[in-house]
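Okay, structure first, notes after.
We name chains A, B, ... by the order of the sequence lines, and we start the count at 1 in each one.
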Protein chains: 4
Amino acid sequence: MKSPDKHRKIIRAATKVFAKKGFFNARISDIAKEAKVADGTIYLYFNNKFDILLSVFEQEIGKLIDQVSLLLKKEDNPKIKLEIFITNHLEEMKKNRYLAEVIHIELRQTSKLIREYRKNTFNEYLAIIASIIEQGQEAGVFRKEIEPEIARQMVFGALDEISRCWHIGNDCPFTTEEVSQQITSILQVGILAPNN
Amino acid sequence: MKSPDKHRKIIRAATKVFAKKGFFNARISDIAKEAKVADGTIYLYFNNKFDILLSVFEQEIGKLIDQVSLLLKKEDNPKIKLEIFITNHLEEMKKNRYLAEVIHIELRQTSKLIREYRKNTFNEYLAIIASIIEQGQEAGVFRKEIEPEIARQMVFGALDEISRCWHIGNDCPFTTEEVSQQITSILQVGILAPNN
Amino acid sequence: MKSPDKHRKIIRAATKVFAKKGFFNARISDIAKEAKVADGTIYLYFNNKFDILLSVFEQEIGKLIDQVSLLLKKEDNPKIKLEIFITNHLEEMKKNRYLAEVIHIELRQTSKLIREYRKNTFNEYLAIIASIIEQGQEAGVFRKEIEPEIARQMVFGALDEISRCWHIGNDCPFTTEEVSQQITSILQVGILAPNN
Amino acid sequence: MKSPDKHRKIIRAATKVFAKKGFFNARISDIAKEAKVADGTIYLYFNNKFDILLSVFEQEIGKLIDQVSLLLKKEDNPKIKLEIFITNHLEEMKKNRYLAEVIHIELRQTSKLIREYRKNTFNEYLAIIASIIEQGQEAGVFRKEIEPEIARQMVFGALDEISRCWHIGNDCPFTTEEVSQQITSILQVGILAPNN
DNA sequence: GATGAATGAGCGTTCATTCAT
DNA sequence: GATGAATGAACGCTCATTCAT
């Protein structure tokens, strides 16, 4: 029977290799070497290279969902919930460089497969943002005329762009906390000065 | 003398092919066929496959810069300038599906070349956003505690995520105008309801 | 573990193909077909096409060195040693048509690699000639004013030109033995008639 | 009408380029650039790349033949004639690096075409050596049992190997004169010390 | 189950040759 | 005659995938 341990090892190795080289430049043998496994062994656990990529997402983003869900469960205030989501995402991206790169590099690589995939686990993650907005609107805390879907895209787009800039190596002179606060603040009260 | 017409034809073809298949899945012969030239002809105008990608950016993003610069020149109010930038970007992405895909798919290829490249033309485009924010702060229209760099990332990230969702084929029930207004509005006054 | 058998098969095939077509006209797929392996298999055993050429030399010339060294060990007389070298080389070239062609065709490829290479195994082979001359001089059998290096070049040049003519297809009406004796004789006593 | 001047310019350029890069690594455009002529122009004067190579030989070796023939005409003594041939060849090879490389690199490149060619002008050059030997034998100066064909091969092989070593960049601590004398001496009186 | 040698389709790129101007 | 842009066949090499052990 296939060992779940080896499955995990391969996923971890693939996450690292994809992050370092990008999906197309990563070779199966790189992943095999990183996982200390024979090339052929990988095909006992995955159908093909692309399947590995999908599994990396399932696994890693599943973890993200679990983690942030746990944090959000303890809080009722939508304002704070949004802040928690933002802070958690940024912190994770800063910590888990591999996942960050896999998301922002590989998520756009292509193609129908990814597109279909995105209707699954990853969209579940994004849906959390929309649901926070909706709860806030129901609670009268957020403006009703905001479309939760658009706001969700804004939030994720903003966060993902931030993490991309971090990992591109351009110096970013701000701490995670500062960035988190600024984004939260802009989202909450906008950029206008009081009398405008 | 190498014909500038052919150069343009190849760029156009490459934009289309990269958008449809992604950089790595695009074949030189695909581009050649699309441009109705021989494979070898491409190498009279470009050094290699990657050079084509860079040229596509230079060309297309140069156009974007020119266009939005022209529009912004006519306006002084930073609030409206920001709206103009947002609207123009979204409209262009909606219209020029190929450019949109090339940006959001290919901009993420890990590559020193792209990284270096991004310090050039593309960053020029992004710098426009930051400068609008700064002008607004100087004019007292935007909050001074906003970091223009972070806001810039938020804006571009949001817009890029929007355009990605459009082209991914997920139904987006909103018009360009609605999206543009919502984003502008969130950025300007935030998402909080009046008394929060 | 990569099979040494396959390594040998490829070397043998390459020797044949290089001899038949020359290095530049030889195709990797020709070698693969001749060796009855897949094209890609060749790259499990060699780094690139040029590496195959070098290996052919290492292998084949190594064999030549071993063989002639063995023969020379049994003999002390420098006169006879020289004759042995000459005869052995000519016999081998006559027998091993492929090696002969590889030497005289490929040895002349301008290439830093080959030049560096020649300082290794092949030059070892040539050095045998020089050392025979030197021994002869020490023993007082050969004239002391002969430069061993120049004589060495003469000997090898002569032998290589002979073998080239054989394989070029021009009829050569002499047996290996006759040629061997003539060359040995010219080298030993020159071409002058007794009273000149 | 095709200009003989341009024909000569291309030959000269090709000699240089072939010598520098070898036949297979030389590109038609290299030759065209060196000759300050358009690529296409070359095909007005030559049928194909290989034809250029043949023409280079015809031309350059023709010159060699003329030159050495002139020198030999003035001399009757076969001993001296042989010395003249040897000295002249070595001097030319030392002077005309391009021709030297073209001979020793390209002469072995390959193939049926070259082989047929060699029955022409180049063999004429080699025949000069044989005829000197024959004259010497008739005059009783050279041993009758020497086969002129074999001696010819020895002479040319020796000379060509010398010139190859020169151009390979290996240090050769001897002057042209020394080499010439040593080779002449070995050929004439052999390498044996007086009493052997 | 695990291995890693073997496979071979596939692609980026080169360059001799052609031909419209 | 001269040009040089255009052509496209050809090849070295890679690497995802398979399969005998």
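- Contact annotation: Lys6(C) reaches the phosphate of dA6(E) (side-chain N/O to OP1 or OP2, under 4.0 Å).
- Residues passing the salt bridge (Lys or Arg N to Asp or Glu O under 4.0 Å) test with Asp39(D): none are found, sequence neighbours excluded.
- For Tyr125(B), the side chain to side chain donor-acceptor pair (under 3.5 Å) partners two or more places apart in sequence, or in a different chain, are His89(B).
- Picking from dG12(F), dT13(E), dA5(F) the nucleotide with the shortest atom distance to the side chain of Ile28(C) gives dG12(F).
- Rounded to whole angstrom, the span from the CD1 atom of Ile31(D) across to the C1' atom of dA2(F) amounts to 18 Å.
- If you measure from atom CZ of Phe23(C) to atom P of dC11(F), you get 14 Å, rounded to the nearest angstrom.
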Taking distance alone, no hydrogens or angles, what donor-acceptor pairs closer than 3.5 Å link side-chain atoms of residues 7-14 of chain B to residues at least two apart or in another chain?
none

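- Across dA5(E), dC11(F), dG12(E), the shortest atom-to-atom separation from the side chain of Arg27(C) is found for dC11(F).
- Not one N or O on the side chain of Lys16(D) forms a donor-acceptor pair closer than 3.5 Å with the backbone of Ala35(D).
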### Dot-bracket encoding of pairs in DNA chain F, which uses [ ] for pseudoknotted crossings and | for another strand, Watson-Crick or G-U under 3.5 angstrom
.||||||||||||||||||||
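- In this view, Asp66(C) satisfies the side-chain contact (heavy atoms from CB on, under 4.5 Å) rule with no residue, not counting sequence neighbours.
- At whole-Å resolution of the value, CG in Asn25(A) and P in dG12(E) are 13 Å apart.
- Leu44(B) has its CG atom 13 Å from the P atom of dG8(F), to the nearest Å.
- A straight line from CZ of Phe50(B) to C1' of dC11(E) spans 18 Å, rounded to a whole angstrom.
- Side chains of Tyr45(C) and Ser3(C) form a contact here, defined as non-hydrogen atoms less than 4.5 Å apart.
- Taking atom CD1 on Ile10(D) and atom P on dA2(F), their separation rounds to 9 Å, with Å as the unit.
- Remark: P of dC15(E) and CZ of Phe24(D) are 13 Å apart, rounded to the nearest angstrom.
- Not one N or O on the side chain of Thr41(D) forms a donor-acceptor pair closer than 3.5 Å with the backbone of Val37(D).
- For the segment residues 32-42 of chain C, the set of residues with a heavy atom within less than 4.0 Å of an atom of DNA chain E comprises Val37(C), Ala38(C), Gly40(C), Thr41(C), in numerical order.
- Annotation: of the two residues near DNA chain F, Lys49(A) and Tyr43(C), the 5′-most nearest-nucleotide partner is Tyr43(C).
- Atom CZ of Phe46(C) is separated from atom C1' of dT14(F) by 18 Å (rounded to the nearest Å).
- We find that Lys33(B) and Asp30(B) are not joined by a salt bridge, their nearest charged nitrogen and carboxylate oxygen being 4.0 Å or further apart.
- The cationic group of Lys49(D) lies under 6.0 Å from the six-membered ring centre of Phe23(D) and within 45° of the ring axis, placing it in a cation-pi geometry.
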